[in-house]
Every structure is written in structure tokens, then in C-alpha cells.
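Written below as C-alpha cells is the structure these notes are about.
Values below: every heavy atom of this structure, side chains too, minus hydrogens, waters and symmetry copies. This structure is a prediction, so every number in the text was calculated from the model and none was measured. Letters A, B, ... are given to chains in the order of the sequence lines, protein chains preceding strands, and every chain is numbered from 1.
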Amino acid sequence: ETGVTQTPRHLVMGMTNKKSLKCEQHLGHNAMYWYKQSAKKPLELMFVYNFKEQTENNSVPSRFSPECPNSSHLFLHLHTLQPEDSALYLCASSQDLQGAWGTDTQYFGPGTRLTVL
Amino acid sequence: EDQVTQSPEALRLQEGESSSLNCSYTVSGLRGLFWYRQDPGKGPEFLFTLYSAGEEKEKERLKATLTKKESFLHITAPKPEDSATYLCALTTTDSWGKLQFGAGTQVVVTP
């Protein structure tokens, strides 16, 4: 595997279900991110992790719960979602949060297309 | 309030017809400006990073430039495979790791 991988690629869940999204980066990076991409809206940053520590929660509802067990893996736990949470969820990684020029470039995974019924 | 505005929203080009996409921004302190390409149903693919006004970067038919208020992505002699949504994003000096995205420009290149 190379780059940033995400599983599953597609997920359909009911409002009462609990599911998790997984992201893995094979780039040796230290920072990882979750983004949400809804139709007709710009990508929205959700969470930022640096060296496994959360550094940013962009006012995300508590029904989204991130977990970063190590610098290579990032999870997004989902529970009691709403239909408006249906979107493409993208994971990204960068070498650093804000270091030397070029180290903050973020590389994205293919995304998980989530549909909440 | 920081803003990133891309124009036009959509662009339809004939193969070989060069054009430019615009990304204008109003931020307190630009750290880096990023261009990505996104195909339908896929994650954004990194193209360029620009850090200072006057900087230019090229890759095949694409060239990105940066001024103090805007960035341009020039597409020279496009081919149908250049059809995609092009996203502009930036970080500021006080927003570590927080990419702020524009809404994107959807480019369609017809043979």
C-alpha cells in the first residue's frame, strides 16, 4: 500500500447505527486530518492530530468521535448520525503541521462515501 | 474573516484552448497556497504549493502563480484528461495545519 488509504470506500448506515471509518498513511507523516465534503460546499476541516495528539476540533458535533492510536492510523467513530451527515469523508496527512516549506503539504486519501438513512 | 474565492465556478474548454482559473483570497497572513485536482468520487490530488508572491510552479500543461491577493492556475493546450475540479486552499501563519478551501472550479475539456 502507498499513500493514504481509507476503508470502507462506501458506507450506508441508519441513524441508530454505530460505525467507524479507518484511515492509514504509509508516508511516515506526523500529522493527520479529517475533512467533510458535502455537495455544493467547500471541504470543511473537522479534526487535526499531530503526533497522536488532537490539536483542532472545528466545532464538530459529538456524534463524530476521532481516535488516533499512532501517527499512521486515524479513525472516525460515528454514532446516532443525521441524514445531513451524508457526505464524502476525507482523510489527509502531512509531514508536519507547519514546519519547513513543503512539509505542511497535505496528501489525501480516496475518501469514504457515507450515506445516512 | 478569512475568505478564499474561486472563479469561474465552471469552465468548458475545447481541447487545445488555453485558459486560467482564479483564486482570490483575503487573509491576515498567508502561509501557503495550495492547488489540488479532484476527480469525481475521489480524494483531492496535490498539484502545487506556493509560499511567496512572485513564485511560479509548472507541471506538464499546468502553471500556478501567486500574487499578494490572488493565485492563477493556467492550463495550456488542455486535453480531455485535464477535466476535473480544481481546488484552491490556503493556510495562514496563525492557523497551523488548517487548510481553508475555496469552492472549486469545475473544468470540462471536450475533444
Side-chain donor-acceptor distances from residues 102-111 of chain B under 3.5 Å, at least two apart:
{"from": "B:Thr105", "atom 1": "OG1", "to": "B:Pro8", "atom 2": "O", "distance (Å)": "2.6"}
{"from": "B:Thr110", "atom 1": "OG1", "to": "B:Leu13", "atom 2": "O", "distance (Å)": "3.3"}

Legend entry - Main-chain N/O of A:Phe47 paired with A:Tyr35 side-chain donor or acceptor, under 3.5 Å: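 No: the side chain of A:Tyr35 does not pair with the backbone of A:Phe47.
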
Legend entry - Atom pair OG1/NZ of A:Thr5 and A:Lys22 - distance to nearest 0.5 Å: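 Spacing of OG1 (A:Thr5) from NZ (A:Lys22) equals 7.0 Å.
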
In a table with atom names and distances, give each donor-acceptor pair under 3.5 Å that connects a side chain of residues 110-117 of chain A to protein atoms at least two apart or in another chain.
{"from": "A:Thr112", "atom 1": "OG1", "to": "A:Pro8", "atom 2": "O", "distance (Å)": "2.5"}

Legend entry - Close contacts, residues 87-94 of chain A versus chain B, judged by heavy atoms under 4.5 Å: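 Under the 4.5 Å heavy-atom cut-off, A:Leu88, A:Leu90 qualify.
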
Legend entry - chain A contact via B:Gln100 - which portion, at a heavy-atom distance below 4.5 Å: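 Neither; nothing under 4.5 Å.
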
Inset, instruction - Check each atom of B:Ser95 against the heavy atoms of chain A and say whether the ones under 4.5 Å are side chain, backbone, both or neither. - result: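 Interface part for B:Ser95: backbone (N, CA, C, O).
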
Inset, instruction - Name all pairs fulfilling the salt bridge (Lys or Arg N to Asp or Glu O under 4.0 Å) condition that reach into residues 14-34 of chain B, sequence neighbours left out, sorted by first residue then second. - result: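 Every salt bridge (Lys or Arg N to Asp or Glu O under 4.0 Å) pair that includes a residue of residues 14-34 of chain B, provided the two are not neighbours, is A:Asp104-B:Arg31.
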
Inset, instruction - Kindly assign one of parallel, tilted or perpendicular to the pair A:Phe108 and B:Tyr36, based on the angle between their ring planes and the thresholds 30° and 60°. - result: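 The rings of A:Phe108 and B:Tyr36 stand perpendicular, inter-plane angle above 60°.
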
Inset, instruction - State whether the number of non-hydrogen atoms from other residues, nucleotides or ligands found under 6.0 Å of B:Glu9 atom CD is greater than 12. - result: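 For B:Glu9, atom CD is not crowded (no more than 12 foreign heavy atoms under 6.0 Å).
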
Side chain, backbone, both or neither: which part of [X] has a heavy atom under 4.5 Å from chain B?
X	result
A:Leu45	side chain
A:Gln6	neither
A:Gln106	both

Inset, instruction - Decide yes or no on side chain to side chain contact (heavy atoms under 4.5 Å, CB included) for B:Thr76 and B:Lys63, but give the supporting numbers first. - result: CA-CA 8 Å; B:Thr76 302; B:Lys63 178 180 177 180; 5.9 Å; no

